[in-house]
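A short worksheet on the structure shown next.
Small disclaimer: the values here were computed from a predicted structure and weren't measured.
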Amino acid sequence: MSIQGIGQSQQTAVNGAQSTASNDALDKSQFLTLLLAQIENQDPLNPQDSSEFTTQLAQITSVENLESINKQISGLTNSLQLSQSLNAKALVGENVMVQSNSMSVQDDGKITGEVKLLANSEALTLNIYGAGNQLVDQVELGASAAGNIDFSTNALQTGTYTLTATALVNGERYNVSISLAAKVDSVTIPGNGEESTVSLAGIGDLPLSSIRKIGN
């Protein structure tokens with residue numbers, strides 16, 4: 001923001017006000033101080049146009065109003081996030097379904113979850129990959145209607161596995177989305193407005209928003 005027409009004598013009158021102003025911007029109070037100083041020290045034979053002052057004052061007021069609204073929205077967002085996080089603590093010990101396709105199991109463990117079909121499928125196949133991305137097992141889920149299809153793998157040895165699923169639709173194979181079931185071990189609340197995370201048995205830490213379903 002600039003104010004035109006301040007001469008040497010005028011500049012001396014407003015130096016005190018300018019010394020407290022930010023190098024980047026002036027707030028409304030500082031602007032008014034400079035405005036009054038300029039009015040008092042302007043040349044009476046060549047007065048400044050007041051329309052520029054009015055326009056600049058209106059711009060400052062608009063910016064301050066927007067900053068106030070942003071602060072209110074930020075406060076509301078933080079409150080909602082805190083409420084959501086506190087509610088999330090009740091998930092500890094619960095079984096949830098999360099958007100993930102990788103999980104660790106103990107000896108003879110099984111992986112359960114859902115496959116999401118957007119269209120009817122003539123054949124649905126679940127692929128299980130182990131160390132080195134080696135295919136260790138396949139589960140044929142058969143023909144399925146569109147929707148969420150439950151699955152359970154065969155017993156697996158101790159290790160970490162990655163799952164994929166393909167659906168045969170009108171003679172073409174398509175990859176489909178997978179969600180895995182896991183127990184919530186703990187919930188972490190950052191406390192700085194960031195999203196909470198859940199620690200899941202066999203999966204690890206994921207954002208709270210990755211949960212697709214709660215309960216069996």
Side-chain angles (χ1 to χ4, degrees), residues 77-216:
T77 300
N78 290 337
S79 296
L80 290 174
Q81 288 178 331
L82 178 59
S83 176
Q84 184 185 50
S85 298
L86 292 175
N87 290 334
K89 294 180 71 173
L91 293 174
V92 176
E94 294 288 336
N95 290 319
V96 297
M97 198 75 68
V98 295
Q99 187 175 358
S100 179
N101 69 337
S102 180
M103 190 173 192
S104 298
V105 300
Q106 299 301 315
D107 198 30
D108 293 331
K110 294 183 179 181
I111 299 176
T112 59
E114 290 181 346
V115 174
K116 184 175 183 179
L117 285 178
L118 300 179
N120 295 343
S121 171
E122 298 102 64
L124 182 60
T125 304
L126 184 69
N127 306 297
I128 301 100
Y129 297 89
N133 202 33
Q134 295 295 312
L135 181 66
V136 298
D137 198 9
Q138 281 186 324
V139 178
E140 295 295 340
L141 301 176
S144 303
N148 294 323
I149 313 301
D150 294 334
F151 71 80
S152 177
T153 68
N154 299 313
L156 299 168
Q157 295 180 351
T158 300
T160 300
Y161 298 89
T162 300
L163 288 73
T164 65
T166 59
L168 184 64
V169 179
N170 297 326
E172 296 287 339
R173 279 280 178 184
Y174 298 92
N175 292 323
V176 291
S177 176
I178 289 178
S179 295
L180 302 181
K183 186 178 76 172
V184 179
D185 287 335
S186 64
V187 176
T188 300
I189 302 174
N192 56 1
E194 295 181 2
E195 184 178 8
S196 297
T197 59
V198 289
S199 180
L200 305 168
I203 295 179
D205 294 342
L206 289 177
L208 182 62
S209 59
S210 65
I211 295 178
R212 293 292 176 261
K213 187 169 71 173
I214 301 172
N216 294 327

Quiz item: Where is the tightest heavy-atom contact between Val169 and Asn120, given as atom of each residue plus distance?
Solution: CG2-O, 3.6 Å
Self-check item: side chain to side chain donor-acceptor pair (under 3.5 Å) partners of Thr162, counting only residues at least two apart
Solution: none
Practice problem: Not counting sequence neighbours, which residues clear side chain to side chain contact (heavy atoms under 4.5 Å, CB included) with Leu168? List them please. | Solution: Glu122, Ala123, Arg173
Quiz prompt | Rounded distance [0.5 Å steps], CG in Leu124 versus CZ in Phe151 | solution = 9.5 Å
Quiz item: Below 4.5 Å, heavy atoms only, C-beta onward: do Val198 and Val96 meet side chain to side chain?
Solution: no
Exercise. Before accepting this row, confirm whether a basic side-chain N of the pair Glu114/Arg212 lies closer than 4.0 Å to the acidic partner's carboxylate O.
Key: no
Quiz prompt | Nearest heavy-atom neighbours spanning Ser179 and Gln99 | solution = OG-CA, 4.1 Å
Quiz item: Is Leu91 close to Leu208 at the side-chain level, that is, under 4.5 Å between some pair of heavy atoms?
Solution: yes
Exercise. Mind checking the OG-CD1 spacing from Ser210 to Ile203? Nearest 0.5 Å is all I need.
Key: 8.0 Å
Quiz item: Roughly how far, to the nearest 0.5 Å, is the CE atom of Met103 from the CD1 atom of Ile128?
Solution: 13.5 Å
Quiz item: Is Leu200 close to Val98 at the side-chain level, that is, under 4.5 Å between some pair of heavy atoms?
Solution: yes
Quiz item: Is there side-chain contact between Thr125 and Val139, with at least one heavy-atom pair below 4.5 Å?
Solution: no
Quiz item: Taking the side chain from Ser177 and the backbone from Lys116, do they hold a donor-acceptor pair closer than 3.5 Å?
Solution: no
Practice problem: Over all heavy atoms of both residues, which pair between Thr160 and Ser104 is shortest? Give the atoms and the distance, please. | Solution: OG1-OG, 2.7 Å
Exercise. Verify the neighbour count for atom CD of Glu140: are there more than 12 heavy atoms of other residues, nucleotides or ligands below 6.0 Å?
Key: yes
Exercise. For residues Ile178 and Leu126, determine if any side-chain heavy atom of one lies less than 4.5 Å from a side-chain heavy atom of the other.
Key: yes
Practice problem: Give a yes or no answer on whether the side chain of Thr158 reaches the backbone of Asp107 with a donor-acceptor pair at less than 3.5 Å. | Solution: yes
Quiz item: So do the side chains of Asn175 and Thr164 get within less than 4.5 Å of each other, counting heavy atoms only?
Solution: no
Quiz item: Given side chains that start at C-beta, do those of Asp137 and Tyr161 come closer than 4.5 Å, heavy atoms only?
Solution: no
Exercise. Could you pull out the closest heavy-atom pair between Leu206 and Ser100, with the gap in Å?
Key: CD1-CB, 4.3 Å
Self-check item: Minimum-distance pair of heavy atoms, taken over all atoms of Ala167 and Val176
Solution: CB-CG1, 3.8 Å
Practice problem: Assess whether side chain to side chain donor-acceptor pair (under 3.5 Å) is satisfied between Asn127 and Gln138, documenting all intermediate values. | Solution: CA-CA 5 Å; Asn127 306 297; Gln138 281 186 324; 2.8 Å; yes
Quiz prompt | Nearest heavy atoms of Ser186 and Val92, plus distance in Å | solution = CA-CG2, 4.1 Å
